[in-house]
2 protein chains.
Amino acid sequence: MRDVPFARRPITINPVNSPTSGQCEDCDARHVGLCDALSDEDIGFLARVAQRVVIPAGKTFIEEGDPASHFYDVNQGNVRVFKSLADGRRQVTGFMGVGDFLGLAVSAQYAFSAEAITDVNLCRFERAPLLQVFAEFPALERKLLDVATHEMVIAQEQMLLLGRKTAIERVTSFLMSWLERSEPFPVGASKPAAAKLSLPMSRTDLADYLGLTIETVSRSFSQLKRDGLIAFTDVHEVTLLKPQRVAALTAGDR
Amino acid sequence: MRDVPFARRPITINPVNSPTSGQCEDCDARHVGLCDALSDEDIGFLARVAQRVVIPAGKTFIEEGDPASHFYDVNQGNVRVFKSLADGRRQVTGFMGVGDFLGLAVSAQYAFSAEAITDVNLCRFERAPLLQVFAEFPALERKLLDVATHEMVIAQEQMLLLGRKTAIERVTSFLMSWLERSEPFPVGASKPAAAKLSLPMSRTDLADYLGLTIETVSRSFSQLKRDGLIAFTDVHEVTLLKPQRVAALTAGDR
DNA sequence: GCAGCGGCTTGCGCTAAATCAAAGCAGAGA
DNA sequence: TCTCTGCTTTGATTTAGCGCAAGCCGCTGC
């Protein structure tokens, strides 16, 4: 949303190329999407039902209630997934980033909307053919089940946050989980002394994710600043000065 | 599920009752568990990894953080699924009833606890062997993916409720969704003039499910009573006198 | 029958967060 | 450079829902 003169740039769609190479070059080693469930030579089959899509920041590319035609792998950028009420109240159910899979919470229609926060690169799979491919490669289906399982865990965690945590607990919980996502390989038990985090989403997104108002989110951040636990270099870049003490405010599980 | 229930073969591992009859009388025609993904003769294979379990009301049978050893199908009674914080705050993430599947929101450990609300009959499947069976019967895995998908939709709906709805919207939303679960076959578009609902869970459960206090739940019910929209014959039995008008208070989706 | 107990309801302040309002602030365009 | 615009922060006030406390209601056991 920030660097957005291109809010009207079109969505581009391309075939996934180089099935011959056996590599989907959009998917890097840390990709947790569909690709890493397959061997190199099998990825070519996946490419048969895949397209690459580029979404400009701010664009809605999944609309709640529309027929659920595609799955998506996020290859670049960040996405907000949300539901909304008739009067405009909005609940962001998740932020998706590189390697995340999109399109499981679905019956015949999408149960959610999705918008690009930054410019976003996606791999798009048509649902029907993909379900065919499952028959050939059960590993894919297993992968999807694993993804769904993991999403359920996160969803329940979020319900706990939304139903029972205070404002500061919500904000610190978010910071710690976002830290974890940003550092997929924590390496050892020791938390670093400080960690810099990019927060691509707006305060409004954050508020709608945490079930708060932007003012309350802002005030919570300010309090954490005052207490010397975090610092902002930019509105969208926070440093956890005392990760331990931030973590202590999350009212962790159990 | 189909007319023919769980097993044409005896349940071999822990036959609680009537294996000789060749029928799992616990699974009635409306069962939406694992069984209905399989043909009659294949169900026998499922039985290889199944046990029947009876849980008395109030008993905790899944403890958050314990190694995730089993899946469960609910065959009788009601279950509350929840997470809790160190200080005792609790979030009920769902109420499970006949036909519901339990145990997906799991990594190596259970991410939730589960307790019997009423006396409960379960079919229990060991995870490891069940995953083996998947190889033989991919339909099972597909079924599980469908279940997970459906759970995701419900979870997101609940996040919207917890993050953005008012007390009365939460209570009426619950009533309408519980009504839907209780009447799996709505038959035609017309809502009945009145519908009687059994609410097996306590007010505390309800409060912890809706992210409210018992007092607020009670007050919301009282207001709906005052407005002539519902009536209680018993604390655990409510009648929706004006389902339409109750539905109008839910702040429905989109 | 009735005393005790656990769960539910009701009344009454109280408070965390929402709402309303007014500045800051930084990037985009002229 | 300066202004405009959209986002963010901060302050003042309001309020929906909380927390406490008292009373109620229906069961259980004596």
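Each chain gets a letter, A, B and so on, in the order its sequence line appears, and its residues count up from 1. Values in this document were obtained by computation on a predicted structure and should not be read as measured data.
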How close or far is atom C1' of D/dC7 from atom CG of A/Asp205, stated in whole angstroms? 12 Å

Rounded to 10°, the angle between the first-five-pair and last-five-pair axes of the helix from C/dG1-D/dC30 to C/dA30-D/dT1 is 30°

Across all chains, not counting sequence neighbours, the salt bridge (charged side-chain N to carboxylate O under 4.0 Å, His left out) partners of A/Lys225 are none

Between B/Arg203 (CZ) and C/dT9 (C1'), how many Å, whole number? 9 Å

Are B/Phe95 and B/Arg80 side-chain neighbours, meaning at least one heavy-atom pair lies under 4.5 Å? yes

Can you list the residues that meet the side-chain hydrogen bond (donor to acceptor under 3.5 Å, both in side chains) rule with B/Thr60, with sequence neighbours excluded? B/Glu115

Among all residues two or more places apart in sequence or in another chain, which pass the salt bridge (charged side-chain N to carboxylate O under 4.0 Å, His left out) test with B/Arg164? A/Asp208

5' to 3', nucleotides 13-21 of chain D under a 4.0 Å protein heavy-atom cut-off (B base, S sugar-phosphate only, - none) gives ----SBBB-

Applying side-chain hydrogen bond (donor to acceptor under 3.5 Å, both in side chains) to B/Ser173 and not counting sequence neighbours gives B/Lys165

Just to verify, what does B/Arg89 make a side-chain hydrogen bond (donor to acceptor under 3.5 Å, both in side chains) with, not counting sequence neighbours? A/Glu169, B/Asp87

Rounded to whole Å, please give me the gap between CD1 in B/Ile117 and P in C/dG7. 14 Å

Pairing residues for B/Tyr72 by the ring-ring contact (aromatic ring centres under 6.0 Å, His included) criterion, not counting sequence neighbours: B/Phe61

Could you give the CG-to-C1' distance, from A/Asp208 to C/dA18, as a whole number of Å? 14 Å

Mind checking side-chain hydrogen bond (donor to acceptor under 3.5 Å, both in side chains) for B/Thr216 and listing every partner two or more places apart, or none if nothing turns up? B/Thr213

Suppose we screen for salt bridge (charged side-chain N to carboxylate O under 4.0 Å, His left out). Which residues come up paired with B/Asp119, at least two apart in sequence or across chains? none

d(CG, A/Leu210; C1', C/dA18) in whole Å: 15 Å

side-chain contact (heavy atoms from CB on, under 4.5 Å), that's the test. Do B/Leu160 and B/Asp253 meet it? Break it down for me. CA-CA 9 Å; B/Leu160 178 60; B/Asp253 226 338; 3.9 Å; yes

Sequence neighbours excluded - ring-ring contact (aromatic ring centres under 6.0 Å, His included) pairs with any residue from residues 223-247 of chain B: B/Phe221-B/Phe232

Output the residues of residues 224-236 of chain B in contact with DNA chain C, where contact means a heavy atom of the residue under 4.0 Å from an atom of the strand; sort by number or write none. B/Val235, B/His236

Rounded distance in Å - CG (B/Leu206) to C1' (C/dG7): 14 Å

